[in-house]
Amino acid sequence: MAAPTDKMESIINLCKRRGFVFSSSEIYGGLNGFFDYGPLGAELKNNIKQAWWQDFVHRRDDIVGLDSTIIHHPTTWKASGHIDNFTDPLVDCKESKMRYRADQLFFAPVIVASETIGYVSVLEDESMQTKAEELAQELKRKLARQGALEPIQLKDYTQATEAQYALIPSPATGKPGSLTPPRSFNMMFQTYVGAMQDASAVAYLRPETAQGIFINFKNVVDTGRVKLPFGIAQMGKAFRNEINPRNFIFRSREFEQMEIEYFISPAADWKTAHREWIEGCLNWFESIGIPRDKLSLYPHPQEKLAHYSKGTTDIMFEFPFGVQELQGVAARGDFDLTQHSQVSGQKMDWFDESTKARFIPHVIEPSVGVDRVFLALLTTAYHEEEVEGEKRIVLRLPARVAPYKAAVFPLVKNKPEIVERAEALYRRLKKRFNVFYDASGAIGRRYRRQDEIGTPYGITIDFETIEKGAGVTVRHRDTLEQVRLSEDEVVRFLDEKVNGLV
RNA sequence: GCGCGUGUAGCUCAAUGGUAGAGUACCACCUUGCCAAGGUGGCUGUUGCUGGUUCAAGUCCAGUCGCGCGCUCCA
């Protein structure tokens with residue numbers, strides 16, 4: 001078993017070597033946090049998206065699709081809270097080079113006998129009040145002050161005044177003077193719409209696809225013939241100016257999301273709906289080849305919830321670099337529709353015919369990153385193994401998502417009957433499936449080349465096909481076993497394996 | 001954004017300040033009756049980029065970009 005970093009390295013290497021993922025703008029030295037998908041990566045990624053759309057939109061009666069723009073009216077982000085909240089106020093300690101989130105760094109003046117003798121600082125945790133009081137006592141002793149110590153009242157660093165920045169000690173060194181003022185990093189990419197580059201033209205690239213759904217809620221309700229409960233699904237690019245992108249395509253600045261806003265009545269039991277969606281998403285992951293034992297749940301603690309959320313559970317995946325979020329399933333209540341209704345002045349409510357009640361629906365939001373599913377599939381599928389003394393690299397991708405569904409080979413290429421028959425089968429299969437044709441090199445080498453890119457079946461036309469009309473051999477990627485099928489049977493066989501509709 | 005490390009052929013890696021190489025992959029042809037066989041030939045580099053030191057830089061120095069790890073961050 002390879003060490004985690006080795007496994008990631010091998011996977012990144014394979015991605016580059018075989019055309020799954022390239023770093024973006026590579027000829028200019030690359031661009032941190034941006035990745036391009038090569039010929040095989042584009043296939044795999046599209047197959048993931050297609051499977052998701054099929055399963056959640058086409059095969060359900062209660063979810064409809066949407067494709068909204070990447071740039072919305074800027075007020076969208078005011079209403080959603082992103083302009084005010086999608087930021088990380090950060091503080092640096094110039095001496096220790098440590099970086100803190102300003103809203104997690106707390107400070108208080110130490111007041112003895114009505115005189116401020118200095119400041120203490122602590123990092124946010126349960127015991128920070130006690131720690132701050134101890135520090136204050138210590139400071140009082142050090143300065144040999146007499147008198148009553150006034151109660152320590154902690155405030156976070158975002159509330160510090162300019163005069164206080166220089167007086168608050170760094171938690172790392174305990175000495176004042178090394179902390180910078182809090183600096184705000186809004187993670188939305190800004191651009192300008194139209195010719196004028198002034199404040200009135202500022203717009204943002206969406207940091208999530210969700211808001212495109214909310215601002216179209218009324219349109220869909222008015223035209224979509226939907227009945228509560230129902231969902232609106234959307235796939236598309238989103239952009240976040242991450243301070244520090246890491247772990248290959250896991251956290252990038254341009255990425256793709258697949259989100260559903262599933263609207264329910266406020267009278268409905270949202271906890272049940274939430275739980276059902278978590279189950280549904282787990283099942284979907286399993287169905288496309290992500291094993292259940294690598295998935296786990298992380299319910300966000302109540303006090304850490306984002307401003308919109310009544311409850312959020314992350315579906316975590318065991319990546320080689322650690323257990324990380326694959327999907328978030330959030331119960332957003334009626335926060336978003338209420339916000340957009342209030343800010344826009346438009347009605348965002350639902351009229352229930354049976355109860356004659358009018359209300360703003362609540363929503364459950366399963367939100368998953370395509371790139372993360374891509375990486376989860378690759379890390380699950382990647383195997384190095386020994387076959388008859390030789391190292392074999394194989395991607396055990398399920399047929400439904402594999403870039404090529406099958407490869408067609410003539411056993412040898414110097415016998416025209418075999419080559420012609422193989423080419424004919426290739427052309428026939430290509431009308432229905434993405435298949436690959438390869439005549440160059442020994443047959444074993446050709447099998448191995450396909451193993452490495454996850455092609456589940458190798459179809460070989462051999463002498464028996466020609467001489468005895470014995471059909472073709474179908475070689476399975478994972479077991480190396482071969483079966484003989486007629487060419488007609490091969491079409492049905494692939495249809496069954498690829499589309500899974502048995 | 002900070003610190004440490006790192007960057008040579010598509011990939012894995014060599015090369016004491018002195019002519020940039022190997023393996024592999026890839027392409028063509030030959031050979032080949034099922035798991036990376038063999039033969040012949042071919043392709044592959046502004047040594048990440050920009051500047052500096054030097055008679056001479058892949059090698060030393062500075063800056064910059066990318067990557068890895070740690071801190072930090074992560075709706």
Side-chain angles (χ1 to χ4, degrees), chain A residues 5 8-10 12-19 22-34 38 80-82 85-101 104-105 172 180 183 185 187-188 207-208 210-211 238 240-248 250-253 257 259 300 304-309 312 314 321 324-325 328 330 332 365 367 369 387-394 409-415 418 440-452 458-467 472-477 480-482:
Chain A
T5 50
M8 268 314 283
E9 257 175 57
S10 306
I12 293 169
N13 189 281
L14 176 70
C15 283
K16 172 81 195 298
R17 190 156 37 88
R18 301 310 302 265
F22 308 123
S23 75
S24 173
S25 318
E26 203 184 66
I27 62 168
Y28 293 110
L31 189 59
N32 193 2
F34 294 89
S80 70
H82 282 78
N85 295 310
F86 202 60
T87 55
D88 293 310
L90 300 178
V91 189
D92 288 307
C93 168
K94 285 178 284 192
E95 196 172 317
S96 67
K97 308 294 183 194
M98 295 291 279
R99 169 170 285 183
Y100 305 100
R101 260 178 67 166
Q104 291 175 357
L105 174 59
T180 63
R183 287 174 297 171
F185 294 90
M187 293 181 37
M188 285 193 290
E208 62 174 34
Q211 297 305 321
R240 288 178 198 172
N241 202 356
E242 299 286 352
I243 294 162
N244 197 356
R246 277 289 160 93
N247 291 324
F248 196 39
F250 178 80
R251 177 171 297 112
S252 53
R253 290 183 164 130
Q257 290 184 309
E259 294 194 303
H300 288 212
K304 289 273 183 184
L305 288 179
H307 63 273
Y308 57 73
S309 181
T312 298
D314 288 343
F321 44 82
Q324 298 278 353
E325 178 185 349
R332 293 174 82 121
E365 177 195 85
S367 163
V387 175
E388 291 171 23
E390 296 281 350
K391 183 179 155 192
R392 177 171 93 125
I393 294 176
V394 55
F409 312 118
L411 183 60
V412 294
K413 70 171 170 180
N414 60 353
K415 299 285 186 293
I418 289 184
S440 87
I443 189 72
R445 172 187 298 255
R446 283 179 271 161
Y447 285 145
R448 296 296 174 83
R449 283 198 280 241
Q450 295 305 313
D451 290 344
E452 208 180 36
I459 300 166
T460 304
I461 284 70
D462 62 10
F463 288 86
E464 286 183 49
T465 313
I466 307 295
E467 290 163 5
V472 300
T473 66
V474 178
R475 177 261 198 187
H476 293 236
R477 175 196 62 202
L480 308 180
E481 279 165 10
Q482 297 190 2

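Quick note: numbers below take in every heavy atom, side chains included, and nothing from hydrogens, waters or symmetry partners. In what follows, every chain begins at residue 1, and chains take the letters A, B, ... in the order their sequences are listed. Just so it is clear, the structure is predicted and the values come from calculations on it, not from any experiment.
- Under 4.0 Å is where a charged nitrogen must lie from a carboxylate oxygen, and between A:R332 and A:E208 at least one such pair does.
- An OP1 or OP2 oxygen of B:C34 is reached within less than 4.0 angstrom by no side-chain nitrogen or oxygen of A:R446.
- Ring pair A:F321/A:F250: centre-to-centre distance below 6.0 Å.
- In this structure, A:K16 reaches the B:C11 phosphate: one of its side-chain N or O atoms is under 4.0 Å from OP1 or OP2.
- Looking only at distances, no side-chain donor or acceptor of A:E325 sits under 3.5 Å from a matching main-chain atom of A:D314.
- Side-chain contact, A:S10 with A:N13: no donor N or O sits under 3.5 Å from an acceptor N or O.
- Atom NZ in A:K413 sits roughly 13 Å away from atom P in B:U32 (whole-Å rounding).
- Looking at heavy-atom distances under 4.0 Å, A:R392 makes no contact with the nucleic acid at all.
- For B:G33, the base is stacked against the aromatic ring of A:F463, per a cut-off of 5.5 Å between centres and 30° between planes.
- Contact between the side-chain N/O atoms of A:N32 and the OP1/OP2 oxygens of B:C65 is not found at any separation under 4.0 Å.
- Consecutive Watson-Crick or G-U pairs involving RNA chain B, each under 3.5 Å on both distances, make up stems of three or more pairs at B:1-7 with B:65-71, B:10-13 with B:21-24, B:26-30 with B:38-42, B:48-52 with B:60-64.
- The two residues A:I461 and A:I466 come nearest to each other via the heavy atoms CG2-CD1, 4.5 Å.
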Polar pairs (N or O, both sides) under 3.5 Å between protein and nucleotides 38-41 of chain B?
none

